[in-house]
2 protein chains.
Amino acid sequence: MRDTDRLKLENQLCFPIYACSREIIKAYHPYLQKLNLTYTQYIVMMVLWDRSSIGVKELGELLYLDSGTLTPLLKKMEAKGYLQRARSAVDERCVLVSLTEAGRLLQQEAVDVPKCMGCKVALNESEAAALYGLLYKVLAHLQEEK
Amino acid sequence: MRDTDRLKLENQLCFPIYACSREIIKAYHPYLQKLNLTYTQYIVMMVLWDRSSIGVKELGELLYLDSGTLTPLLKKMEAKGYLQRARSAVDERCVLVSLTEAGRLLQQEAVDVPKCMGCKVALNESEAAALYGLLYKVLAHLQEEK
DNA sequence: GCTAAATACATTGTATGCAATTTAATTGTG
DNA sequence: CACAATTAAATTGCATACAATGTATTTAGC
């Protein structure tokens, strides 16, 4: 392939990843709007529904987000009443995020979201597994490079 | 799988797509910075290197971006001198974007970017093709739903 | 040819996302 | 213990994204 051909959109792997990400997030919008959540807030809630409580640093590592994104995001979610933020007594540098009762109750309203979204993605189980595996391979390699 | 298990991050397909998209774009940063381009500006340039000239509407369809994103983006790129914007004489509603000489010259500085990025992605040819195919299948299905 | 509907952009407001820097707290070392 | 280096968040500044709305232009239907 010629070098200039590599610069075409149709020969790029990143572009469909980028486009797919945004299109899926757009498709989430009607469901998440009912829960008063954005997509980023939704994935924070997923962690908290699983863990109840987590430090900002570890949350950032799980979600690949830094404090510049998380700090204002978590403050907004605290204002909505879904979580609480508190400095650790052991290490005052760390902030611990924990699920509130209102946040816990929200999980029940969210249980149908994955099923609704699963239909929109149009992949069967083996395709989904293949896609999942390839994406995590890319993610893992990008981390190593750092 | 239990409904609440589907709400876990590790059972989500969207999350690795979203994370991968952002991590790859981050990896582009050092290369694109040298060209004075952001990732979004880079994919606009890729279209223009291929087409020289395109309407905003078609550009938005290619990139899955709307005028709310494109209008300010294209104005910034015009200010940098990489492209020109002009109302169509035939249909005053339409804006035509065209590559300038400076924009054309930029392509030569960008030829190495895809190769540099290819290394970072860590997939062989067949894996890349599989990932590509799966992503476009998802994208196509999401468009049908609309 | 008049006007309602459609179209193409532009604008507004809100929410990320991230690089770069700053601040406060803790740790490692001599 | 003093203090330089490290670490965890917070802050700042800039650049998207996108829903919702507004505006100018064109098209369709009569």
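What you see below is based on every heavy atom in this structure, not just the backbone, and it leaves out hydrogens, waters and symmetry mates. Since we're looking at a predicted model, the values are computed, not measured. In what follows, every chain begins at residue 1, and chains take the letters A, B, ... in the order their sequences are listed.
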May I ask you to test the [X]-[Y] pair for a side-chain heavy-atom distance under 4.5 Å?
X: B:Leu62; Y: B:Ile54; value: yes
X: B:Leu63; Y: A:Leu9; value: yes
X: B:Tyr64; Y: B:Leu139; value: yes

*asked:* Would B:Lys76 and B:Gln41 count as a side chain to side chain donor-acceptor pair (under 3.5 Å) here? Give the steps.
replied: CA-CA 9 Å; B:Lys76 261 180 270 188; B:Gln41 292 168 9; over 6 Å; no

Under 4.0 angstrom, heavy atoms only, what part of the nucleic acid is [X] near: base, sugar-phosphate, or nothing?
X: B:Ser67; value: base
X: A:Leu65; value: sugar-phosphate
X: B:Thr69; value: base
X: A:Leu73; value: sugar-phosphate

_I'd like to know if A:Lys26 and A:Glu23 make a salt bridge, using a cut-off of under 4.0 Å between side-chain N and carboxylate O._
yes

Distance, rounded to the nearest Å, where [X] contributes [atom1] and [N] contributes [atom2]:
X: A:Leu74; N: C:dT16; atom1: CG; atom2: P; value: 10 Å
X: B:Leu96; N: C:dT7; atom1: CG; atom2: C1'; value: 17 Å
X: A:Asp66; N: C:dA20; atom1: CG; atom2: P; value: 12 Å
X: A:Ile43; N: C:dT16; atom1: CD1; atom2: P; value: 10 Å
X: A:Glu58; N: D:dT7; atom1: CD; atom2: P; value: 17 Å
X: A:Leu63; N: C:dT16; atom1: CG; atom2: P; value: 12 Å
X: A:Leu70; N: D:dA9; atom1: CG; atom2: C1'; value: 10 Å
X: A:Leu59; N: D:dA10; atom1: CG; atom2: P; value: 12 Å

Does [X] place a side-chain N or O at less than 4.0 Å from the phosphate oxygens OP1/OP2 of [N]?
X: B:Lys75; N: C:dT11; result: yes
X: B:Tyr64; N: D:dA17; result: no
X: B:Thr38; N: D:dT16; result: yes
X: B:Tyr39; N: D:dA15; result: no
X: A:Lys76; N: C:dT14; result: no

Between [options], spot the one nearest the side chain of [X], thanks.
X: B:Lys26; options: C:dT16, C:dA19, C:dA25; result: C:dA19
X: A:Asp91; options: D:dT25, C:dA25, C:dA15; result: C:dA25
X: A:Lys57; options: D:dA8, D:dT16, C:dC9; result: D:dA8
X: B:Thr40; options: C:dA20, D:dT7, D:dT16; result: D:dT16
X: A:Val56; options: D:dA9, D:dA24, D:dT6; result: D:dA9
X: B:Glu92; options: D:dT6, C:dA19, D:dT26; result: D:dT26
X: B:Arg22; options: D:dA9, C:dC9, C:dG17; result: C:dG17
X: A:Arg93; options: C:dT7, D:dT7, C:dT11; result: D:dT7

_Hydrophobic cluster membership, with links at side-chain heavy-atom distances under 4.5 Å among I/L/V/M/F/W/Y: are A:Leu123 and B:Tyr136 in one?_
yes

*asked:* If you assign A:Pro72 and A:Val90 each to the DNA chain C nucleotide with the nearest heavy atom, which residue ends up on the more 5' nucleotide?
replied: A:Pro72

*Using side-chain contact (heavy atoms from CB on, under 4.5 Å) as the criterion, point out the one residue from A:Thr40, A:Leu83, A:Leu70 that pairs with A:Met77.*
A:Leu83

_Most 5' of A:Arg87 and B:Ala89 on DNA chain D, judged by nearest nucleotide_ = A:Arg87

*5'-most by nearest nucleotide on DNA chain D - B:Gln41 or A:His29*: B:Gln41

